[in-house]
Protein chains: 2
Amino acid sequence: MKATGLIVEYNPFHNGHLHHLEQAKVKTNADCLIACMSGNFLQRGEPALVDKFHRAKMAIDQGVDLVIELPYLYAVQHSDLFSLGAVKILNELTVDYLIFGSEAGEIDSFQSLFHTYMQNKGTFNTQLKKKLAEGLSFPKANQQAFELISVDKETDMVDLTKPNNILGFSYLKAIAETNSSIKIDTIARKQSDYHDETLTTPIASATSIRKTIKEQNKLSAPTNLALPINSHQYLESYKKSAGIWHSWEAYFPFLQFRVLTESKEELAQIQGVDEGLEYALIQSAHKARSFTEWIDLLKSKRYTYTRLQRMFVHLLTNTSKDTISRLHQQESIVCMRLLGMSEQGKRYLNHTKKIRSAPVYTQLRKELPDLMKLDERATDVYYLPIALDKRQKLRAQEFSAPYYKKSR
Amino acid sequence: MKATGLIVEYNPFHNGHLHHLEQAKVKTNADCLIACMSGNFLQRGEPALVDKFHRAKMAIDQGVDLVIELPYLYAVQHSDLFSLGAVKILNELTVDYLIFGSEAGEIDSFQSLFHTYMQNKGTFNTQLKKKLAEGLSFPKANQQAFELISVDKETDMVDLTKPNNILGFSYLKAIAETNSSIKIDTIARKQSDYHDETLTTPIASATSIRKTIKEQNKLSAPTNLALPINSHQYLESYKKSAGIWHSWEAYFPFLQFRVLTESKEELAQIQGVDEGLEYALIQSAHKARSFTEWIDLLKSKRYTYTRLQRMFVHLLTNTSKDTISRLHQQESIVCMRLLGMSEQGKRYLNHTKKIRSAPVYTQLRKELPDLMKLDERATDVYYLPIALDKRQKLRAQEFSAPYYKKSR
């Protein structure tokens, strides 16, 4: 059986994602599509609109065969670690291809960029460090370091200010780093820009879809056009089950509580609270009247929106630098949590059972590896803004069999 | 000027308290009445119905001349430490008398009890330790240890299961411990029992008043009869300013958040989380649907309601065993925070300025002694359930001059 891997967040699953998976299937002639998906908190440091279980169902119903959770340890991280975690999982599941969507849309330019990078790794890393020390944000420092090592036009074709290009490049690095035999290819993202916030076509960016949903606090015509009908239904059913769609503002009281009741020393132990950010956090805690205001008060050249959001996720889950670095040193094999599968996906899991070295968890158990305890905690925190009776039902999903869909 | 000290919580100030202060003034012929009052969290481990500033105003308007805050370090503690902190403050303010209300109502029986205690301190302490090791709660162990050393009838006259008798006895011990020259006397609490929960007379227990107010979520006839009119007004104006009267349930989400995001080891560092209580806390965090349910799940012979409530206050304020024991070792002189004064109280402060060794803080400053940082944090946490715009106004009281009342 031939398997193709996708690395996704599906927040929410929209027509662009459908296009991506259909193209990936056609391009690789795959028997099985495997999506490695972020859990309840996402790479850019945000709570997902709806929980991982509902997002997995959206994907399975639209043709993905297996949805495996990307652990928190990797999910709420910069692109290199995010990609490393996902590629480790796809390696473990012995996929043949990894197909990613990108702004560039041509794998040759990524390969060429990667070639340049490998030949100038030393210079690149020195420059990157220098730029970071100058106070540039990671994306800016990264881009400028690349400009310094790029000489021919071809490598310049990948615009490393585009988020999906950045991720794509990280996938190539992760494949090399893990000596993976996965073949990688890319397809062009259709039409809308990642950050495009206006909804005009049936393919719209997840950012613009979320923005509209949050502003209107309901699903309406233009959003619906950009979503498969089942995404629409799962968004609605989640709202019924939880009473809310998740957004940062719902977590604001908990963040304030944490910052107001911890010492500078305690705050400085949290992942992402670097270079004296604890002082700014404490000082601004009383000024900010909302999460948005808070992050605006903290934003600077060095602290980008994304970096701050990730820090806030770790503050919310009380994840320390120590824990993160200890786990990254320990875990050579990742944990795999199954969030959903089709009949074909089940067949694939059975088929590859003997060659996997890491177990696939179908639900949380009492004794969990430390890496998965982070995910358990993230889920507990994620559901906290939900009313108690509703929350307990949603949390029960962690201890139930994953979503299973028989073939039509 | 002759000063008489009272040790109080005023939650809220009612007719019984008025009786107490009037009697105290008559009995000691005092020129100045000084109340040492708990802040926003109380001795039995509860958030006060309204904040310390509003409770101080109730007291000043009814005839108290100075309200000084009993620091968190002493306030949310068992009776011996609570009393020690309050007596230290009254010593510092060179009061002549301490008058307390008690169920017993006769100072002779307290003196006799104290005499017995001093003569059998060794035996008593051995017995107390033994009883505690057997798993008895502190009040029960204390009572049984006393029964073992009491031989004559007179000492048996003080019923040490009554909360105000327990406190009274602790005051006597604190006066001895601090070599204080304060003269102590008691007056009988009028009519209703401390724990009496039915409102029948104009003098009702604070417990029954709070219960009625919380159940009805408004002030009504029988409660009003038990309160001076100004208490009634301050309760109303607080509700207008804050939108709520405080009760444990409003803090339940924050407590859940803390317990769900900290490790067993982190929880075990919190003051009051003893003997493996962290396990029970974590286990019950998902079961409890309210604060009341949570505490019921945790209650046992060893963990009384009061002990658990105090533990929850420390959990809320993230106060560690280390901090508490470090401060108790450091602070020989207590900090005094002025919450309110009359013209006469101001005169007394000026009059005694030169003989005080500790400063009287009229508002919070940027640089605070560690002991007062606990109070600042307690205030921040106390106001958290209040809507943001309202919260900032209430918090501003910490940085404003204390309530001042000119004589009529």
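Within every chain, numbering begins at 1; the chains are lettered A, B, ... in the order of the sequence lines, protein sequences first and strands thereafter. If you're wondering where the values come from, they're calculated on a predicted model, not measured in any experiment.
- Counting heavy-atom pairs closer than 4.5 Å to chain B, the top residue among His286(A), Arg289(A), Gln256(A) is His286(A).
- Contacts between Glu266(A) and chain B at a heavy-atom distance below 4.5 Å involve the side chain alone, from C-beta outward.
- Only the backbone of Ala288(B) comes within contact range of chain A, with heavy atoms under 4.5 Å apart.
- Taking every heavy atom of both residues into account, Arg377(B) and Thr261(A) meet most closely at NH1-O, 3.0 Å.
- With a 4.5 angstrom heavy-atom cutoff, Leu384(A) touches chain B only via side-chain atoms.
- Contact of Ala285(A) with chain B is not made at all, since no heavy-atom distance falls under 4.5 Å.
- Crowding of Lys214(B) atom NZ: a count of heavy atoms from other residues, nucleotides or ligands under 6.0 Å exceeding 12.
- For residues 242-253 of chain B, the interface with chain A (any heavy-atom pair closer than 4.5 Å) comprises Phe252(B), Pro253(B), sorted by residue number.
- With values rounded to the nearest 0.5 angstrom, Asn318(B) atom CG is found 7.5 Å from Ser263(A) atom OG.
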Q: Before giving the answer on side chain to side chain contact (heavy atoms under 4.5 Å, CB included), spell out for Phe257(A) and Leu316(B) the whole-Å C-alpha distance, their side-chain angles and the decisive distance to 0.1 Å.
A: CA-CA 9 Å; Phe257(A) 172 64; Leu316(B) 201 57; 3.9 Å; yes
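- Ranked by heavy-atom pairs under 4.5 Å with chain B, the first of Gln392(A), Glu376(A), Arg391(A) is Gln392(A).
- Heavy atoms of other residues, nucleotides or ligands lying less than 6.0 angstrom from OH of Tyr279(B) number 12 at most.
- With sequence neighbours left out, the salt bridge (charged side-chain N to carboxylate O under 4.0 Å, His left out) criterion links Lys373(A) to Asp370(A).
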